[in-house]
There are 2 protein chains.
Amino acid sequence: MKIDIHPKNENDTIQKEIISKIRDYINYKNLEPGDKLPSERKLSEKFEVSRGNVREAIQTLESYGLLISKPQSGTFIADIGPVAMNGMITDILRLEKSDFKSLVETRILLELKTVRLAALRRTEEDLKQIEEALEAYAEKVKNGEDAVQEDLLFHLAIAKACGNSTINTFMLTITPEIITNFTKYHVCDKNIAFIGIQEHREIYEAIKEQDPQLAKEKMKIHFKMLYQYCYNIKD
Amino acid sequence: MKIDIHPKNENDTIQKEIISKIRDYINYKNLEPGDKLPSERKLSEKFEVSRGNVREAIQTLESYGLLISKPQSGTFIADIGPVAMNGMITDILRLEKSDFKSLVETRILLELKTVRLAALRRTEEDLKQIEEALEAYAEKVKNGEDAVQEDLLFHLAIAKACGNSTINTFMLTITPEIITNFTKYHVCDKNIAFIGIQEHREIYEAIKEQDPQLAKEKMKIHFKMLYQYCYNIKD
DNA sequence: CAAACCAATTTGGTTAACCAATTTAAGCCT
DNA sequence: AGGCTTAAATTGGTTAACCAAATTGGTTTG
């Protein structure tokens, strides 16, 4: 059951080195938006790594929107100047894996926003889906079963209704890690779950009545225990 | 200069189909946490696609923390139950590209948090780097040059000082798109930039004095114009 | 002289063969 | 019969050969 993160780690190290070299190259050649990078083949022999590694590094930088790769043409600098390019790549290289505390803190921040926006913007369809998620959660709890999944799906339904695609994406990004950590640290015990039903229902009602302030308050109450728990975790 | 997103789009479609089929397979076989998925080769012939496409889809799901791929062993379901797995994959498939409005709205939300946290948690080293970014920005503006990049780097320096790795990652994710859209829509004109120097300086001072409330207020003022602009963009 | 066309080269993307680690199961010795 | 060893098969990862699109440079033609 032990998860060996070594191989991925090593691969990550190689990729970070390549990204670092790409940054240095961009600086050295003073490449500006629209300029073309050398081909993957040339980069791979210049850096003395495999072409696959170069592709991976380019894809990572592309996912951040720093490079644009055009088929049968080349890889180009995005509409970002040299200064920002340099600073951003340096920051990306410094990125570390999210700790649980940061995850929970971020989740609370995002959800206090999503619930307000959902109250303002939810469609009837959104409302229906939130209600379905609510009922699924309530039934599981009443049967005495574990309901961590249904709990989170309720919150994701709210995120979907908030009408902000970026926040929705972020919520989807952190939720699996949240679930994993919850089950690992036994955050949601079953005795708490019963209180959760009522709290969820009140959040739902506030969204239904399109009362953003009330919705936020109810969400705050819902997060009260989580909030305390979050700040008791050892670093 | 036209960006043809067709090939990437097509590839995305294929990948989404595969992800959808993986979800269906997980449901059909009732796979639970720790269970093993068929090998990439078997999946590729079962779905009648290339193995590369299967790998890509698995990597995407792995990046969301839903699958875990172990070298020379297999691909396994992460610690996430069938219900959440199904719901999350469905949500992921429904994800669309972020619109500018969502991006700005999210940025404002994140930065009002980062600036408060930075005021509370910043180290001396953090402070120094924020100041450096501030000076770089001021000098560019005083020389009458475009300073969008330096502007954003100042904000990223604050994000780095906030001590929350998740929020920091998110800020890095949206910043390139923000820059691209800013230059595209000409959000930051040079006449505004001069006001920006003073606003930046006041934010910096508040962080220096470790006054989170003041820092947040100053950031709100700084975002005032952006806020209005954001809500005037045609959908 | 310019514009249009064509072939050769360069490019990112794709496929298939290969590799090393892991797992499985058969075989051997006690 | 049981436990240990070992070899064959399976697996994700890697590498290299291949492909089609796109660019480029030169040639030809009006």
Side-chain angles (χ1 to χ4, degrees), chain A residues 1-19 21-22 25-26 29 31 34-78, chain B residues 1-19 21-22 25-26 29 31 34-78:
Chain A
M1 206 50 193
K2 182 174 69 77
I3 297 174
D4 183 15
I5 58 170
H6 183 62
K8 182 139 205 171
N9 238 354
E10 187 178 347
N11 193 3
D12 258 24
T13 308
I14 296 174
Q15 195 183 331
K16 285 198 172 185
E17 282 175 10
I18 297 176
I19 290 177
K21 285 175 181 172
I22 291 177
Y25 182 88
I26 292 175
K29 292 282 186 181
L31 294 189
D35 286 352
K36 198 166 89 171
L37 236 59
S39 70
E40 296 177 351
R41 288 169 179 81
K42 281 176 186 164
L43 285 179
S44 72
E45 71 178 72
K46 183 191 291 279
F47 298 157
E48 291 177 342
V49 293
S50 78
R51 190 181 154 207
N53 290 133
V54 173
R55 293 195 97 238
E56 217 172 328
I58 289 176
Q59 276 171 15
T60 297
L61 292 175
E62 205 179 356
S63 78
Y64 280 99
L66 300 178
L67 297 180
I68 297 169
S69 189
K70 292 189 190 179
Q72 282 76 44
S73 176
T75 304
F76 301 84
I77 309 287
Chain B
M1 209 49 194
K2 182 174 68 75
I3 297 175
D4 184 14
I5 58 170
H6 182 62
K8 182 139 205 173
N9 238 354
E10 188 178 345
N11 193 4
D12 258 24
T13 308
I14 295 174
Q15 195 183 335
K16 285 198 171 185
E17 282 173 10
I18 297 176
I19 290 177
K21 284 176 181 172
I22 291 177
Y25 182 88
I26 292 175
K29 292 281 186 182
L31 295 187
D35 286 351
K36 198 167 91 171
L37 237 60
S39 71
E40 297 176 349
R41 288 169 180 80
K42 282 177 185 164
L43 286 179
S44 72
E45 71 179 73
K46 183 192 290 279
F47 299 156
E48 291 177 340
V49 293
S50 78
R51 192 183 153 205
N53 290 134
V54 173
R55 293 196 98 236
E56 216 173 330
I58 288 176
Q59 276 172 13
T60 297
L61 292 176
E62 204 180 355
S63 77
Y64 280 99
L66 300 177
L67 297 180
I68 298 170
S69 190
K70 291 189 189 180
Q72 284 76 45
S73 176
T75 303
F76 301 85
I77 308 288

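Lettering follows sequence order; numbering is per chain, from 1. When reading the values below, keep in mind they use all heavy atoms of this one structure, side chains included, and skip hydrogens, waters and symmetry mates.
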| What does Gly52(B) touch in the nucleic acid at a heavy-atom separation under 4.0 angstrom: a base, only the sugar-phosphate, or nothing? | nothing

So, the side chain of Ser73(B) versus the backbone of Lys70(B): is there a donor-acceptor pair under 3.5 Å, distance only?
no

Whichever of Arg41(A) and Ser73(A) has the more 5' nearest nucleotide on DNA chain D, that residue is Arg41(A)

- Task: Kindly indicate whether the side chain of Phe47(B), heavy atoms from C-beta on, has any atom under 4.5 Å from the side chain of Asn53(B).
- Result: no

Between CG of Asn53(B) and C1' of dG12(D) the distance, given in whole Å, is 16 Å

TODO: Verify the contact: side-chain N or O of Thr75(B) to OP1 or OP2 of dG12(D), cut-off strictly under 4.0 Å; return yes or no.
DONE: yes

Arg55(A) CZ to dG13(D) C1', in whole Å, measures 16 Å

Glu45(B) CD to dT10(D) P, in whole Å, measures 12 Å

Here the distance between atom C1' of dT14(D) and atom CD of Glu40(B), to the nearest Å, is 12 Å

Q: Would you indicate whether the side-chain heavy atoms of Gln15(A) and Thr60(A) approach each other to under 4.5 Å?
A: yes

Practice item. Report yes if at least one side-chain N or O of Lys42(B) is closer than 4.0 Å to OP1 or OP2 of dT11(D); otherwise report no. Key: yes

To the nearest angstrom, the NZ-P distance between Lys70(B) and dT10(D) comes to 21 Å

Glu62(A) CD to dG12(C) P, in whole Å, measures 11 Å

Indicate whether the side chain of Glu40(B) and that of Thr75(B) have a donor and an acceptor atom separated by less than 3.5 Å. no

Of dA17(C), dG12(C), dT11(D), the nucleotide closest to the side chain of Arg51(B) is dA17(C)

When rounded to whole Å, the CD to P distance for the pair Gln72(B) and dT24(C) reads 14 Å

note: Ile68(A), atom CD1; dG13(C), atom P; distance rounded to Å ~ 13 Å

